Number of protein chains: 2
Amino acid sequence: MLDRMTDAEAVEAAGATGAAGAGATEAPGSAGTAGSAEAAGPAGGGSAPRRRAPAGAAVLREDVTQAIRSAVLEELAAVGYARTSIEGVARRAGVGKTAVYRRWRGKLHLVLDIVSALAVEGLPAPDTGSLETDLRLLYEFTSRALRHPVASQIIPDLQAEAARNPEIDEALRKAVRSGQESVALRILAAAVERGELRRGLDEDIALDLITGPLYWRTVILRQPRLPKSHLPTLTRATTAALKSL
Amino acid sequence: MLDRMTDAEAVEAAGATGAAGAGATEAPGSAGTAGSAEAAGPAGGGSAPRRRAPAGAAVLREDVTQAIRSAVLEELAAVGYARTSIEGVARRAGVGKTAVYRRWRGKLHLVLDIVSALAVEGLPAPDTGSLETDLRLLYEFTSRALRHPVASQIIPDLQAEAARNPEIDEALRKAVRSGQESVALRILAAAVERGELRRGLDEDIALDLITGPLYWRTVILRQPRLPKSHLPTLTRATTAALKSL
DNA sequence: TCACGACGGGACGGTTGCGTTGCGACGTGT
DNA sequence: ACACGTCGCAACGCAACCGTCCCGTCGTGA
């Protein structure tokens, strides 16, 4: 699934979310402005630049990091974001709480990290020369992705949480935008270029028409097993709708 | 335990929740309801554990009940289902925890009660003689309903919780089925009768096409302020899609 | 060889919620 | 006048987490 991440990526991501390097000593400092502390890229001068030996072998272990990531996904699916606890994640991952806190500030950063990682997973942009065929391929890919029980459990949960938490909201929108949405836009543009669709069509509504019905069926109604005819029929109807725009 | 209150009674009490006008006229009716409930308590066993006196004036106060109901809605909107606590509800309602526990077994029953009540609020079934006009009216009603911040906060939250809790899931489905869905089906049937739509069209997909795009836009993307042209355009496109089925 | 730091484990004080219980006060049917 | 049950309030013991800290162990690069 998302085990594609390379070592370098994982370490970087971990470092980025969990207070880059030097932060450790400063972290428990006074109230507030913990976030701005990370901004210190170049040595800000001051009294604590002594960067002793980076490390010998005492480096964050990648297998532990991955175990935590997997545990977060499982925990999210099992109990939802609100009830997800660091203790629960650590327990599920078979690691100590400290291992988690060494990498991430807390629950929010942990989840944001993972969501952002999901955003990267690009899906293919079909270009078959036919709007209807392109759409059907997109649907097949999307519906297969949403079929995974973990995804279909986590998505609505984060979605709901996004209404309350701007950071989750942004991460989620970015993920959708970089995935589903950008592909759909490319399909639309190609169809316009071929003359299959009108040139000035309302893109917002077009995206709603493409995304809405399948999302409703798979995520809201949670009916993962669709009859064979479903996607083709849906594709044909959606194509008709788009052409009327 | 709290055998005094049955589930049926809780649901009935929910009926009085009626947002607007209906409540007033229903109020006297609820007296009869209460009476039957009290009679039902001791009558249930038949073994008669000597529950002689229903009560004097020591009866559950309706204003307290309503305060709790309102508080639940506010709490759900503010923090979500998972984080909603009885203590928080009582605090927000300005009542004691005991007042809540005297009426409901716990959080789940409390929420189920309210959700079931919402299901009753029927929305009008337009019948203008034109599929497109009917659809537009349905959309206008629905989008206005979803515009309420309380609703748009609570819905995705309960939706996510439904993936984990079968009882919430059922209540939610029932609410949708008795509302949006039944109206949409009636609109479709009328259009078929008029010959605007094919007779054997796939109802599932038709419902997805009707519901999905607007839900996606208002609940998921949370864009409540739609340009004036939005609903008419969406209606036209959806009509085109339906006619292709 | 040896210092370094991550590892799991366990414990800390503090916070929040659970569901229950007891209290005195209140108001209303019998 | 009386009994009854709800009212708000406060407290109970229990549980789960929070974020931090200290511990002894372990593997590795300098």
Side-chain angles (χ1 to χ4, degrees), chain A residues 10-11 14-15 18-19 21-32 34 50-68 71 75 78-110, chain B residues 1-5 13 31 34-35 37-38 41-42 49-68 71 75 79-110:
Chain A
V11 170
T25 40
E26 279 286 347
S30 57
R50 63 180 178 307
R51 251 196 209 273
R52 223 170 308 164
V59 169
L60 293 175
R61 268 167 52 193
E62 185 56 23
D63 58 327
V64 171
T65 305
Q66 282 302 340
I68 296 173
E75 194 80 356
V79 303
Y81 176 82
R83 289 188 237 259
T84 290
S85 67
I86 300 291
E87 302 223 3
V89 169
R91 206 180 304 132
R92 192 184 286 269
V95 307
K97 275 202 289 181
T98 35
V100 178
Y101 280 112
R102 267 185 215 111
R103 290 165 173 78
W104 294 279
R105 285 165 177 268
K107 181 165 68 161
L108 179 59
H109 288 78
L110 187 43
Chain B
M1 285 191 166
L2 292 178
D3 293 339
R4 227 177 320 155
M5 163 166 280
E38 284 165 23
R50 224 54 182 104
R51 273 255 193 249
R52 208 169 93 272
V59 167
L60 292 175
R61 271 165 52 191
E62 187 59 25
D63 58 328
V64 170
T65 305
Q66 281 302 340
I68 296 174
E75 193 80 356
V79 304
Y81 176 82
R83 290 188 235 260
T84 289
S85 67
I86 301 290
E87 303 225 3
V89 168
R91 208 179 303 134
R92 192 184 285 268
V95 306
K97 275 201 294 181
T98 35
V100 179
Y101 280 113
R102 269 186 212 106
R103 290 165 172 78
W104 293 279
R105 285 170 184 277
K107 182 164 70 162
L108 180 60
H109 288 78
L110 187 42

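Chain A is the first sequence line, chain B the second, and so forth, proteins listed ahead of strands; every chain is numbered from 1. Everything numeric here is computed off the predicted structure, so don't read it as measured data.
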Contact summary for [X] and [Y], nearest pair of heavy atoms:
{"X": "B/V79", "Y": "B/R83", "result": "O-CB, 3.6 Å"}
{"X": "B/A99", "Y": "B/V64", "result": "CB-CG1, 4.1 Å"}
{"X": "A/G88", "Y": "A/E75", "result": "CA-OE2, 3.8 Å"}
{"X": "A/K107", "Y": "A/Y81", "result": "NZ-O, 3.0 Å"}

Would you mind reading off the distance between [X] atom [atom1] and [N] atom [atom2], rounded to a whole angstrom?
{"X": "A/R102", "N": "D/dG19", "atom1": "CZ", "atom2": "C1'", "result": "14 Å"}
{"X": "A/E62", "N": "C/dA6", "atom1": "CD", "atom2": "P", "result": "15 Å"}
{"X": "A/R61", "N": "D/dT28", "atom1": "CZ", "atom2": "P", "result": "10 Å"}
{"X": "A/Y101", "N": "C/dG9", "atom1": "OH", "atom2": "P", "result": "17 Å"}
{"X": "B/D63", "N": "D/dT6", "atom1": "CG", "atom2": "P", "result": "14 Å"}
{"X": "A/L60", "N": "D/dG27", "atom1": "CG", "atom2": "P", "result": "17 Å"}
{"X": "B/R103", "N": "C/dG19", "atom1": "CZ", "atom2": "P", "result": "17 Å"}
{"X": "B/L108", "N": "C/dC18", "atom1": "CG", "atom2": "C1'", "result": "15 Å"}

For A/R91, salt bridge (charged side-chain N to carboxylate O under 4.0 Å, His left out) partners two or more places apart
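Applying salt bridge (charged side-chain N to carboxylate O under 4.0 Å, His left out) to A/R91 gives none.
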Proximity to DNA chain C (any heavy atom under 4.0 Å), residues of residues 81-95 of chain A only
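Of all residues in residues 81-95 of chain A, the ones placing a heavy atom under 4.0 Å from DNA chain C are A/G94, A/V95.
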D/dG19 base to A/K97 side chain: any donor-acceptor pair below 3.5 Å?
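Under the 3.5 Å cut-off, the side chain and the base do form a donor-acceptor pair.
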Between the base of D/dC9 and the side chain of B/T98, is one N or O donor paired with an acceptor at under 3.5 angstrom?
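Looking at the base of D/dC9, it does pair with a donor or acceptor on the side chain of B/T98 (distance under 3.5 Å).
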Using heavy atoms to find the nearest nucleotide of DNA chain C for A/V100 and B/K107 separately, return the residue whose nucleotide is more 5′.
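Looking at DNA chain C, the more 5' nearest nucleotide goes with A/V100.
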Would you say the side chain of A/L110 lies within less than 4.5 Å of the side chain of A/I86, judging by non-hydrogen atoms?
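SC-SC contact between A/I86 and A/L110 confirmed.
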Sequence-distant partners of B/A67, side chain to side chain contact (heavy atoms under 4.5 Å, CB included), two or more places apart
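Applying side chain to side chain contact (heavy atoms under 4.5 Å, CB included) to B/A67 gives B/A93.
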